[in-house]
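To keep things clear, I will list the structure first and then write my remarks on it.
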Amino acid sequence: MIQIDNISVQFNDEYILQDFSLELPESGSVCLFAPSGSGKTTLLRVLCGLTQPEKGSVKGLERKKTAVLFQENRLLPHLTALDNLKLVLPPNRQNSTMDWLKKVGLEDASQKTPPQLSGGMNRRLAIARTFAYGGDIYLLDEPFQGLDQEAVRQLMDVVGQSIEDSLLILVTHHREEAEALCDSIITLGGKPMKILSIEPIKKRG
Amino acid sequence: MRPSTTNAKSTITKGIAAAAWILLWQLCCIILNKPLLLPSPCQVLKTLFRLAGNSLFWSSVAASLGKVLLAFLLAVAAGCLCAVLAAAVPWVRTFLHPPVSIIRATPVASFTILALVWIPSKWLPVFISFLMVLPMIYENVYQGIQNTDPLLLEMGKVYQLSLWKKLRFLYFPAVLPFFSSACVNGLGFAWKSGIAAEVLGLPKLAIGRQIHDAKIYIEIPELFAWTAVVILLSMVLERLLLTLMKLLKRRVLLAKEAEA
């Protein structure tokens, strides 16, 4: 169990999170559903260690490997698609990079650099990097933004097949994405951000 | 238009401009008609060939070149080290601020005369060039480090990139343009300050010494010839450095290295 216990984070004298608590399972998939600007990204930053809460604690993340898909792609512009993947992998796992590019439909673009790729292709590459890196926890921040419906369907399959026994935390404001990928939806809102509801998803078929 | 065609055109244009200035120089010589005060380009060229036949010429060139390059390399190493330390530890930046500001604001001549008291004239050009180039490298490399994309640095942290990968793929590409321009400007400055220090310090074998002697004996064509040597060497070194920087850039940004 990952336990977020009474954390507070403020920016510019404004509390984004104040005495915020949440329990997350070790595995499965959870969607954090909230309007833009409510503080979901801040929560993800706390979970991946990029933001330290000024108060409270996060327990259960010790010795866990976290793979993050940021809202921005954060790819290295001077490296090819293939090398952007190799960058985050240890030498013994670099043989899998081409497979990951195939999974996200970028096999023909392996030697192109991010500036030579479209916005959608860069997003696919960022997704491939996250899952090629792998982890016990996947934090995906608006993973499918800027992608067409066909690409979203294809990439949701890739995400669904890749998480295995890990924990997926998906941040989105598209309910259909949450319903397709997650076991439960945690609806957040307000300032500072609070939990409004926790709702299990009934899987179809 | 292909880059090679553009480059060729640019070289031709620069050549025409240089030729026009040499022609203007020649015209001034004809109008003034005082070769002792203003020698003609041909006269300077003849003097240069005459000087080049003497072993003293090559010894002086080698000694000055060696000292300037030594000073430049030391300044690059020290400047990079200081910049990295200043970026990593904020108080180092604060600590270095006063001397760096003083060095930047003080004229080369003041430092040279001051340094003459403590340093043998042989090593004076090395010290002065080093002192003048160090702040340029330090400031530029520091700015380059500060310019590194914070989003990419966060990515590097989250994906647990090794220190080597962070340096190689996140910091180096950001620092390289700053470092490159600092090196090109710094090398030119190392030459100017080094020769100025030689003129004041008068070491035995040095271009600056020859310039000084030419002035004392009112050998104006020699003065021009030695100045031409300084300009030519500076241009050649700048070209070499630019080529080196291009190679370094290609090497640093080379995609295949990502797996290292």
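Letters A, B, ... are given to chains in the order of the sequence lines, protein chains preceding strands, and every chain is numbered from 1.
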Q: Sort B/L151 into side chain, backbone, both or neither according to what part of it lies under 4.5 angstrom from a heavy atom of chain A.
A: both

(Q) Just checking A/K65: does its NZ atom have more than 12 heavy atoms from other residues, nucleotides or ligands closer to it than 6.0 angstrom? (A) yes

Q: Flag this pair as yes if the NZ/CZ of A/R123 is under 6.0 angstrom from the six-membered ring centre of A/F144 and inside a 45 degree cone about the axis; otherwise no.
A: no

Q) Between A/Q94 and A/T97, do the side chains contain an N or O donor and an N or O acceptor separated by less than 3.5 Å? A) no

Q) Given that the side chain runs from C-beta out, which part of A/L82 has a heavy atom under 4.5 Å from chain B: side chain, backbone, both or neither? A) neither

Q) Checking A/R129 against chain B: side chain, backbone, both or neither under 4.5 Å from a heavy atom? A) both

Q: Heavy-atom distances under 4.5 Å only: say whether A/T130 touches chain B with side chain, backbone, both or neither.
A: both

Q) To the nearest 0.5 Å, how far apart are NZ in B/K67 and CG in B/L124? A) 9.5 Å

